[in-house]
A.B. asks: 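A single structure is presented below for examination.
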Amino acid sequence: MSYFNRPDRRDLIPPPSPLYMNVCHWPWGLEISPRCCVLLLGKMVVSADTIRTAVGIMGNATALVLFFSPAPTFCRIWKSRSVEQFPATPYLATLLNCMMWVLYGLPMVHPHSTLVLTINGSGLVIELIYVLVFLGCSHGDQRLRVLLVLLLEIAFVGAVGALILTLVHSHERRSLIAGVLCVIFGAAMYAAPLAAMRQVIRTRSVEFMPLPLSLASFLNGLCWTTYATIRFDLFITIPNGLGVAFAVAQLALHAVYHGSTARQKKGGRREAEIGLVKPNGRSLEEEVAKGIRVESGVISVEETNKSSMGTNKNLEV
């Protein structure tokens with residue numbers, strides 16, 4: 001006797017109907033009517049949405065890790081009051097990407113996008129702090145360039161938002177326009193580390209491409225790509241799929257050049273210990289050249305003084 005045919009379980013079976021007279025035969029002797037099969041399929045759809053929400057929450061967590069991963073770099077910049085060789089491009093690109101996704105996630109543009117709105121709103125604040133620190137510790141033309149790009153990004157997003165909200169009057173078209181722009185700038189954000197990758201290949205060192213940032217980019221792109229494929233969203237799939245590809249390339253560079261980076265750091269420490277590199281960052285050759293110039297100046301002054309004293313003595317005689 002099957003589970004549902006037991007006397008104490010017959011109340012779970014819906015009453016017979018001409019539309020549901022056939023029986024689905026399942027393993028273990030379980031017999032379920034087609035109506036129950038439809039109800040079970042409905043439950044499976046709900047569970048898919050639940051899985052999507054869970055993956056979205058994981059994506060939010062990995063995105064927070066991604067946003068906070070440059071924190072050690074900016075602590076180093078703040079302590080040294082110098083941006084050294086760190087580029088501002090990845091942080092400016094990420095800031096623009098977050099601003100565009102905040103626009104996309106607004107209820108009047110793309111309803112039911114709470115997860116997208118919350119994580120990108122948080123990222124906007126974090127990346128803005130990074131850019132302001134970069135501005136405070138950079139100098140000269142570099143500071144002016146970063147400030148100009150920041151102002152242009154704010155003006156651009158504000159103009160796009162005003163145009164979408166005033167000239168476009170349906171959620172579908174607003175989502176389409178904002179989504180296309182998000183794909184473009186999302187791809188730009190994930191492609192921004194290409195400059196750092198070129199520097200890694202040239203210098204054979206991954207010192208200025210932090211491993212936590214690359215790893216967080218990979219996990220974040222993977223989570224959001226999964227989130228977008230459960231209930232397909234092209235605008236989320238494209239940039240995050242590209243992000244996974246770029247992150248894999250960065251991790252491959254870390255694997256290839258990790259050993260050479262360690263050797264270069266060890267060599268730098270050895271040079272510092274034997275005095276080939278000064279604590280102020282100047283090489284010994286620069287210090288020696290500077291010292292020779294100073295000493296030669298002193299010698300010339302002394303020789304001039306000696307010659308003038310000799311002239312005076314001759315005059316006295």
A.B. asks: Give a yes or no answer on whether the side chain of Arg81 reaches the backbone of Cys137 with a donor-acceptor pair at less than 3.5 Å.
C.D. replies: no
A.B. asks: Would you compute the distance between atom OG1 of Thr62 and atom CE of Met58 and round it to the nearest 0.5 angstrom?
C.D. replies: 7.5 Å
A.B. asks: Give me the ring orientation class for Tyr130 and Phe74: parallel if the planes are under 30° apart, tilted from 30 to 60°, perpendicular past 60°.
C.D. replies: parallel
A.B. asks: What is the distance from atom OH of Tyr227 to atom CD1 of Ile236, rounded to the nearest 0.5 Å?
C.D. replies: 5.5 Å
A.B. asks: Show, in sequence, the C-alpha distance, side-chain angles and deciding distance for Val109 and Ile177, and conclude whether the side-chain contact (heavy atoms from CB on, under 4.5 Å) test is met.
C.D. replies: CA-CA 10 Å; Val109 176; Ile177 296 172; over 6 Å; no
A.B. asks: What is the ring orientation for Tyr91 with Phe134, classed by angle as parallel under 30°, tilted 30 to 60°, or perpendicular over 60°?
C.D. replies: tilted
A.B. asks: For the residue pair Cys182 and Tyr104, establish whether any side-chain heavy-atom pair is separated by less than 4.5 Å.
C.D. replies: yes
A.B. asks: Under 4.5 Å between any side-chain heavy atoms of Arg174 and His110, yes or no?
C.D. replies: no
A.B. asks: Using the side-chain contact (heavy atoms from CB on, under 4.5 Å) rule, take Phe67 and Ile119 through it: C-alpha gap first, then chi angles, then the decisive distance, then the call.
C.D. replies: CA-CA 10 Å; Phe67 292 141; Ile119 189 57; 4.2 Å; yes
A.B. asks: Looking only at atom types and distance, does a side-chain atom of Arg173 sit under 3.5 Å from a main-chain N or O of Val168, one as donor and one as acceptor?
C.D. replies: no
A.B. asks: So which heavy atom on Asn220 is nearest to which on Gly59, and how close?
C.D. replies: OD1-O, 3.4 Å
A.B. asks: Using a 4.5 Å cut-off on heavy atoms from C-beta on, say whether the side chain of Leu176 contacts that of Phe235.
C.D. replies: yes
A.B. asks: For the side chain of Asn97 and the backbone of Gly186, is there at least one donor-acceptor N/O pair under 3.5 Å apart?
C.D. replies: yes
